[in-house]
Amino acid sequence: WGAGYIGIYVRKLFQDLGVRVTGFIDTDIKKQGQDVDGLMVYSPEEVNMEDKIFITADRKYYNGIKKKLEESGFIYLKQYAFFEDILPDG
């Protein structure tokens, strides 16, 4: 979640680790349907329960993103996680 510069950076990190990223999710309608760094940008409404979501958006959006995902039935740390969830403490 997040098709900005941080999302692109994290995508490259994942790619280097062999993790396949299939697209970005963004609430910015100007980005939706566009190609960002070689991947399609989808609206949150296009997400399905089989997707695994990694959120790189600005922290100020976390509560809204979490609410939207959980209302759709996604489970925190099972089907979605925030960037800070993988960072070591300290």
Side-chain angles (χ1 to χ4, degrees):
W1 196 298
Y5 68 94
I6 295 173
I8 293 168
Y9 174 77
V10 172
R11 177 211 182 220
K12 290 181 190 304
L13 288 176
F14 279 168
Q15 192 172 26
D16 290 345
L17 294 170
V19 176
R20 187 173 69 99
V21 177
T22 57
F24 292 104
I25 304 166
D26 207 295
T27 55
D28 184 343
I29 59 172
K30 291 179 253 170
K31 292 180 183 178
Q32 294 169 3
Q34 300 298 312
D35 179 288
V36 171
D37 199 41
L39 295 175
M40 181 63 68
V41 180
Y42 300 96
S43 73
E45 291 73 30
E46 295 177 277
V47 178
N48 64 60
M49 292 301 292
E50 290 80 38
D51 294 325
K52 299 283 191 252
I53 300 171
F54 187 73
I55 301 159
T56 60
D58 190 309
R59 292 178 68 83
K60 66 184 174 186
Y61 301 114
Y62 279 13
N63 287 338
I65 293 169
K66 184 175 183 175
K67 180 179 180 190
K68 185 168 202 58
L69 288 172
E70 290 182 356
E71 285 173 352
S72 297
F74 284 85
I75 301 168
Y76 177 58
L77 293 180
K78 182 174 181 183
Q79 294 169 294
Y80 76 95
F82 295 97
F83 185 65
E84 284 80 6
D85 293 328
I86 66 162
L87 297 176
D89 291 335

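- Under the rule for a salt bridge (charged side-chain N to carboxylate O under 4.0 Å, His left out), R20 has no partner lying at least two apart in sequence or in another chain.
- Annotation: the span from K31 atom NZ to I25 atom CD1 amounts to 13.0 Å, rounded to 0.5 Å.
- D26 places a side-chain N or O within 3.5 Å of a backbone atom of A3 that can act as its donor or acceptor partner.
- Interatomic distance, Q34 CD to M40 CE, rounded to the nearest 0.5 Å: 8.0 Å.
- Proximity of a side-chain donor or acceptor of R11 to a complementary backbone N or O of D37 within less than 3.5 Å is detected.
- Annotation for Y5: atom OH does not count as buried by contact number, only 12 or fewer foreign heavy atoms lying within 6.0 Å.
- In I29, the CD1 atom is not crowded: 12 or fewer heavy atoms of neighbouring residues, nucleotides or ligands sit closer than 6.0 Å.
- P44 has its side chain within reach of T27: a pair of non-hydrogen atoms, C-beta onward, lies under 4.5 Å apart.
- Surrounding CG of N63 are at most 12 heavy atoms belonging to other residues, nucleotides or ligands under 6.0 Å away.
- Put simply, the side chain of L39 does not reach to within 4.5 Å of the side chain of T22, judged on heavy atoms.
- How far CG of L69 is from OH of Y80: 6.0 Å, rounded to the nearest 0.5 Å.
- Using a 4.5 Å cut-off on side-chain heavy atoms (C-beta onward), I8 and F24 make contact.
- A side-chain N or O of D85 and one of Y76 form a donor-acceptor pair less than 3.5 Å apart.
- The side-chain contact (heavy atoms from CB on, under 4.5 Å) search around E45 returns S43, K68, not counting sequence neighbours.
- No donor-acceptor pair closer than 3.5 Å links the side chain of E70 to the backbone N or O of I75.
- Residues R59 and E84 have side chains in contact (heavy-atom distance under 4.5 Å, counting atoms from C-beta outward).
- If you chain together hydrophobic residues whose side chains sit under 4.5 Å apart, V36 and V10 fall into the same group.
- With contacts defined as side-chain heavy-atom distances shorter than 4.5 Å, the pair F82/Y62 qualifies.
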